[in-house]
Protein chains: 2
Amino acid sequence: MAPFGDRRIDDSACQQIQCVLELIGQRWTGAILIVAARGARRFSEYRTMVDRVFDRLLAVRLRALEAVHLIERTVIPSTPVQIRYAPTSAGVELVTALQPLMDFAQRHVITPTAAPRSDG
Amino acid sequence: MAPFGDRRIDDSACQQIQCVLELIGQRWTGAILIVAARGARRFSEYRTMVDRVFDRLLAVRLRALEAVHLIERTVIPSTPVQIRYAPTSAGVELVTALQPLMDFAQRHVITPTAAPRSDG
DNA sequence: CTGAATCCAATAGGATACTG
DNA sequence: CAGTATCCTATTGGATTCAG
């Protein structure tokens with residue numbers, strides 16, 4: 001991700017937030033976190049709510065969120081085994097911190113196609 | 001936010017915020033917007049403040065932000081010509097909305113390497 | 001100074017098939 | 001149900017060079 005090292009954007013917070021942004025800015029990731037905060041728990045629930053995300057990517061995203069302790073994965077020994085993905089307290093905090101941004105997003109719709117990406 | 005249950009995430013405000021997240025989650029983009037709100041104006045100022053960003057990418061990012069009207073580009077006829085990139089009111093609003101997220105980022109440091117990306 | 005053009009390597013991500 | 005394996009294409013982003 002961002003190899004922010006010695007001195008970049010003026011000290012402190014910017015590199016931290018860029019890391020967070022680059023994490024949840026990955027496709028579906030923010031959405032996954034939000035549905036987690038809304039109560040999604042099982043793999044299939046996430047798959048249903050975040051429509052169009054494929055299994056592979058959903059698994060990758062959940063693992064990424066687990067790796068940074070925003071989501072906790074729990075195996076429930078039943079038949080068949082259930083897996084539960086619940087947001088950690090940090091995960092809930094993050095979604096809460098996202099609220100002003102959600103309000104902004106509703107006031108100013110950003111069309112995906114309007115933003116040119118890298119090459120082209 | 002609407003209680004979980006009835007709708008897919010795509011139908012709600014979540015798709016909107018995901019668009020915003022995917023935009024500013026691109027490398028350097030959030031940082032660029034933040035330094036813009038902090039007062040950066042000229043190309044070289046951005047280049048200096050967001051250290052390590054290359055000209056091409058900085059230009060791409062600025063154009064992307066301009067395309068969605070978060071930054072405004074103005075040509076000042078002088079010798080040599082000066083180009084000024086200033087945040088629009090929406091851009092300032094966005095950075096303001098980012099504040100809680102910045103606070104979060106300082107409380108919970110997300111280590112970049114801890115998050116696996118796509119294939120692996 | 002302010003970029004645009006180009007080339008290239010790495011990564012992200014869509015889609016399908018398969019498994020315990 | 002809850003993933004993994006695999007394949008393949010598109011996108012990203014680093015680095016350099018060129019130009020008004």
Side-chain angles (χ1 to χ4, degrees), chain A residues 1-5 8 18-19 21-32 36 40-66 71-86 112-113 115-120, chain B residues 10 18-19 21-32 36 40-67 71-86 112-113 115-120:
Chain A
M1 205 177 287
F4 270 165
R8 350 267 155 93
Q18 188 67 41
C19 287
L21 287 177
E22 286 179 28
L23 174 71
I24 63 180
Q26 289 183 109
R27 192 167 282 191
W28 314 119
T29 305
I32 288 169
R41 291 295 174 265
R42 305 193 54 183
F43 194 88
S44 49
E45 283 176 358
Y46 286 93
R47 186 166 41 193
T48 302
M49 297 199 57
V50 187
D51 197 43
R52 302 219 297 257
V53 65
F54 285 85
D55 292 357
R56 180 182 137 301
L57 215 41
L58 178 55
V60 169
R61 295 305 187 233
L62 287 170
R63 261 188 283 131
L65 289 170
E66 189 197 354
I71 274 189
E72 190 185 21
R73 182 182 189 271
T74 314
V75 178
I76 301 172
S78 57
T79 342
V81 159
Q82 282 193 22
I83 316 282
R84 172 190 139 102
Y85 296 93
T113 47
R117 316 289 277 208
S118 213
D119 264 321
Chain B
D10 303 73
Q18 187 68 42
C19 286
L21 288 177
E22 285 178 28
L23 174 71
I24 63 180
Q26 289 183 111
R27 192 169 278 191
W28 314 119
T29 305
I32 288 169
R41 290 296 174 264
R42 305 194 53 186
F43 194 88
S44 49
E45 283 175 359
Y46 287 92
R47 185 166 41 193
T48 303
M49 297 191 65
V50 187
D51 195 41
R52 286 149 167 275
V53 66
F54 284 85
D55 292 357
R56 180 184 140 292
L57 215 41
L58 178 55
V60 169
R61 295 304 187 233
L62 287 171
R63 260 189 285 130
L65 289 170
E66 189 198 354
I71 274 188
E72 190 185 22
R73 181 182 189 271
T74 313
V75 177
I76 300 172
S78 57
T79 347
V81 160
Q82 282 193 21
I83 316 281
R84 172 190 138 102
Y85 296 93
T113 48
R117 314 288 276 210
S118 209
D119 265 322

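Protein chains get the first letters and strands the later ones, always in sequence-line order, with residue 1 at the start of each. The structure presented is a predicted model; accordingly, all values stated were derived computationally and were not measured.
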Nearest-0.5 Å distance, CZ of residue Arg52(B) to CG of residue Leu57(B)
13.5 Å
Can you tell me how far C1' of dC1(C) sits from CG of Leu62(B), to the nearest Å?
14 Å
What protein N or O atoms touch nucleotides 18-20 of chain C N or O atoms at under 3.5 angstrom, if any, and at what distances?
none

Look at the side chain of Arg27(A) and decide which nucleotide, out of dA4(C), dG3(D), dG14(C), has an atom nearest to it.
dG14(C)
By side-chain hydrogen bond (donor to acceptor under 3.5 Å, both in side chains), Arg84(A) pairs with (sequence neighbours left out) none
Holding to salt bridge (Lys or Arg N to Asp or Glu O under 4.0 Å), I want the full list of residues that pass it with Arg47(A), two or more places apart in sequence or in another chain.
Asp55(A)
Under 3.5 Å, is there any donor-acceptor pair linking the side chain of Arg56(A) to the base of dG3(D)?
no
Looking at CG of Leu58(A) and CD1 of Ile32(A), how far apart are the two atoms once the value is rounded to the nearest 0.5 Å?
5.0 Å
Heavy-atom side-chain contact between Thr48(A) and Glu45(A) under 4.5 Å
no
Minimum-distance nucleotide to Arg42(A) side chain [options: dA5(C), dG14(C), dC1(D)]:
dC1(D)
Looking only at side-chain atoms of Phe43(A), point me to the closest of dA4(C), dA2(D), dG13(C).
dA2(D)
In whole angstrom, give the distance that lies between atom CZ of Arg61(A) and atom P of dT4(D).
14 Å
Counting only side-chain nitrogens and oxygens, does Tyr85(B) get under 4.0 Å of the OP1 or OP2 atom of dG3(C)?
yes
To the nearest Å, how far apart are Phe54(A) CZ and dT16(C) C1'?
9 Å
Across the strands shown, which category fits Tyr46(B) at heavy-atom distances under 4.0 angstrom: base, sugar-phosphate, nothing?
nothing
Round to a whole Å and report the spacing from CG of Leu58(B) to P of dG3(C).
9 Å
Length of the CD-P vector between Gln26(B) and dG13(C), whole Å
11 Å
Write down the distance between CD (Glu22(B)) and P (dG13(D)), rounded to a whole number of angstrom.
12 Å
How far does CG of Leu65(B) sit from CG of Leu23(B), to the nearest 0.5 angstrom?
5.5 Å
Nearest 0.5 Å, please: how far is CG in Leu62(B) from CD1 in Ile83(B)?
11.0 Å
Enumerate the residue pairs fulfilling side-chain hydrogen bond (donor to acceptor under 3.5 Å, both in side chains) with a member in residues 71-82 of chain B, sequence neighbours excluded, ordered by first and then second residue.
Arg73(B)-Tyr85(B)
Can you list, by residue number, the residues of residues 71-83 of chain A that have a non-hydrogen atom closer than 4.0 angstrom to DNA chain C?
none
Can you tell me the distance, in whole Å, between the CZ atom of Arg63(B) and the C1' atom of dA5(C)?
11 Å
What residues form a side chain to side chain contact (heavy atoms under 4.5 Å, CB included) with Ala36(A), not counting sequence neighbours?
Tyr46(A), Ile71(A), Pro87(A)
Distance check needed: dA2(D) P versus Ile32(A) CD1, whole Å only.
15 Å
